[in-house]
Amino acid sequence: MKVDTAELPKKYRDAIDHWCRHNFPDLPLLNKYWSKYFPNDDEFCLCAKMDLATSKTIEVGDRAGEAKSETPADLGVEPAKHLLPIIRAQASTEFGSIQQHQVTLDRAQSDQDKFWVLRVMAEELRHGYQMFHLLTSRDWSSVTDVKPEDMVENVLAMKTGSHVLEAFNLAYDSFVDNVVFAAVIDRVGKYQLTMQKVCAYRPFAQSMPPMLREEAFHLAAGVVPMRRWMESAAKGDPFVTVRALQHSWNKWLPRGLEMFGDERGGDTNVRLGFKDKKNREAQLLYYKELERLIRDLNLRYLRARFADKSQEAIEEILRRVMAERGSTVEGVAWDDLLHLAHPEFFRRRGEPAYRMVGMDGQEFTRVDAYLGHLADNLSEAYTASRDMRVYADTLGDVAAGRLTREDAAKKAPKLERTSSVCPCSKSVRWVALDDAPANGKGNGNGHKAH
Amino acid sequence: MAVSASGVRVRPLNELDIEAITRIDEKVTGLYRPDFWESRVAYYLRRDPEASRVAEVDGEVVGFMLGDVRGGEFGLEETSGWIERFGVDPSQRGKGLGRQLFDELAEYFRSAGAARLRTLVDSRQGETERFLRAMGFENSALTALERPLGDGKK
């Protein structure tokens, strides 16, 4: 891949350095031990990378065949207005995931797991830097009054709880979340970046291949530790359980599915030439990929548990156990294995928002029964969170007819930090927003950025 | 991403290929080595995910070829494309999968600036060596040398 690299102006680099001191204090540790954990790999470079081979011709949508735009002004007002929140949301996810990872990073059971996640965090920082390059190196004044400095400050001021997408507003409960997040939520990132490779705004499209190249390892940093945990669990390690993994999967999967946007949307992105798939199509492919991952993890578990059995015998055990909830085959119970929750389970956005759908797709009619079901299938640390309390209250309002499902979907708990960018400043205050914008039915970008 | 007339699809490696690669290796060697392949796949993905490929038939991975582009080793300053691990499901042999994988890697290495392909082969693995020679590999001026460590004696 041939790339051009670019640096942000000093004032933005300084702002990111400052942000790292507060939000990513372990970055220097990665640089110090890089050659130990990643020998022969090029050293980490905090810069923007633009792929030189990206097509100059629009590939999808109403303007397919025309030249891609190089500036927001070329793009036109409507498309540029639509694209700007996408870039800001992308920036928010990159910085947001670092904040989430940092809190539980030191709880990794092995140094390798820790340094793999550290590398993921550093590369997410680069991706955020890349988005800042897109926001600040071109003139967006035709579609916004917000100055580039303020766009950067707005993103750097976000914390877990005030990010654009809900998946980045949930705190991690343990290092299990670091790993499951990398396998489940970063996978949505892979889909979004892949779809955006065709983007009619060429600087955005050029940003995707270098990010995707790094994202490939991020997914491995989730999948490989999980595979090893399944092996440990099969061998009876009391500190690594399938149940803990299952609860983390149940926490992140619904939020991952919602990151694709409402199932009925995505037409605008395709029409404008920003993506090559609508929301439902991409979401289905994602879910299918996760089915495969769950199957692989279960095979890993069973091979470790029955070292003397053939692959064919293992597959037969898996097939029989998975066929019926409650079944036990050769001592393997249904609950011993991982399961992929139904795509409508615990949803708060999109088509199934606030429908009470269980892990297996079963419908609940009573709120208390459904909340009990969620408590059985999510970690205690998470069910005791404010996020769950707001969800339960909102679900109660929907069930009582005080709120429509559509209005409930717009009512995400959201905190916005106002004033200064720096958490060391004393002039900071937080406000809860009542009117946080909902996942646009049509745009498929998750929530709109403020 | 190439799809041949025979329905073989060759695509870049990803982390979900670990299970299939482990299975192919087990069929070929008789050894079940998930830890080894988890480490190797993670290594190649972090180096360059485009530089390693798998071959799929009907959506199932039936062959793989792992490698990367690098330079500066063994005094070789020129950038080379290294082919390091490959395997084809025994039930799929004879269909040209190895050649398709090789062609895709070679093309990628060329585009990444490599002027030469390199590999090492165990001379006891005649089938592997025959395949590589069929791909155009010839003896190199470099000779692979080794000696055991431990008590310092041979």
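Residue numbering restarts at 1 for every chain, and letters A, B, ... go by the order of the sequence lines.
- Within residues 294-313 of chain A, the residues having any heavy atom less than 4.5 Å from a heavy atom of chain B are, in residue-number order, Asp296(A), Leu299(A), Arg300(A), Arg303(A), Gln311(A).
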Could you go through Glu15(B) and Lys190(A), starting from their C-alpha distance and side-chain angles, then the distance that decides it, and tell me whether this counts as salt bridge (Lys or Arg N to Asp or Glu O under 4.0 Å)? CA-CA 12 Å; Glu15(B) 82 293 344; Lys190(A) 178 187 83 169; 5.2 Å; no
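- Proximity to chain A among residues 31-40 of chain B is limited to Tyr32(B), Pro34(B), Asp35(B), Glu38(B), Ser39(B), judged by heavy-atom separations below 4.5 angstrom.
- From Asn14(B), atom CG reaches atom CD of Glu289(A) across 6.5 Å, with rounding to the nearest 0.5 Å.
- Only the side chain of Arg292(A) comes within contact range of chain B, with at least one heavy atom under 4.5 Å from a heavy atom of that chain.
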Start with the C-alpha distance between Arg47(B) and Asn40(A), add both sets of side-chain angles, then the distance that settles side-chain contact (heavy atoms from CB on, under 4.5 Å), and finish with yes or no. CA-CA 9 Å; Arg47(B) 295 280 301 167; Asn40(A) 304 322; 3.8 Å; yes
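- With a threshold of 4.5 angstrom between heavy atoms, Tyr108(B) approaches chain A through side-chain atoms but not through N, CA, C or O.
- Arg70(B) and Asp41(A) are not joined by a salt bridge, as no carboxylate oxygen comes within less than 4.0 angstrom of a charged side-chain nitrogen.
- For the set Lys2(A), Glu214(A), Arg119(A), the count of heavy-atom pairs under 4.5 angstrom toward chain B peaks at Arg119(A).
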Checking side-chain contact (heavy atoms from CB on, under 4.5 Å) for the pair Val223(A)/Glu19(B): CA distance, chi angles, key distance, verdict? CA-CA 11 Å; Val223(A) 168; Glu19(B) 191 69 26; over 6 Å; no
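- Within the model, atoms CH2 of Trp116(A) and CZ of Arg46(B) stand 8.0 Å from one another, a figure rounded to the nearest 0.5 Å.
- Neither the backbone nor the side chain of Pro209(A) comes within less than 4.5 Å of any heavy atom in chain B.
- Against chain A, no residue from residues 129-140 of chain B qualifies, as none has a non-hydrogen atom under 4.5 angstrom away.
- Contacts from residues 111-126 of chain B to chain A, taken as heavy-atom pairs separated by less than 4.5 Å, involve Ser111(B) in sequence order.
- The distance from atom CD1 of Ile18(B) to atom CZ of Arg227(A), rounded to the nearest 0.5 Å, is 5.0 Å.
- Applying the 6.0 Å contact sphere to CD of Glu60(B) captures no more than 12 heavy atoms from other residues, nucleotides or ligands.
- For the atom pair CG (Leu45(B)) and CG (Leu219(A)), the distance works out to 8.5 Å, reported to the nearest 0.5 Å.
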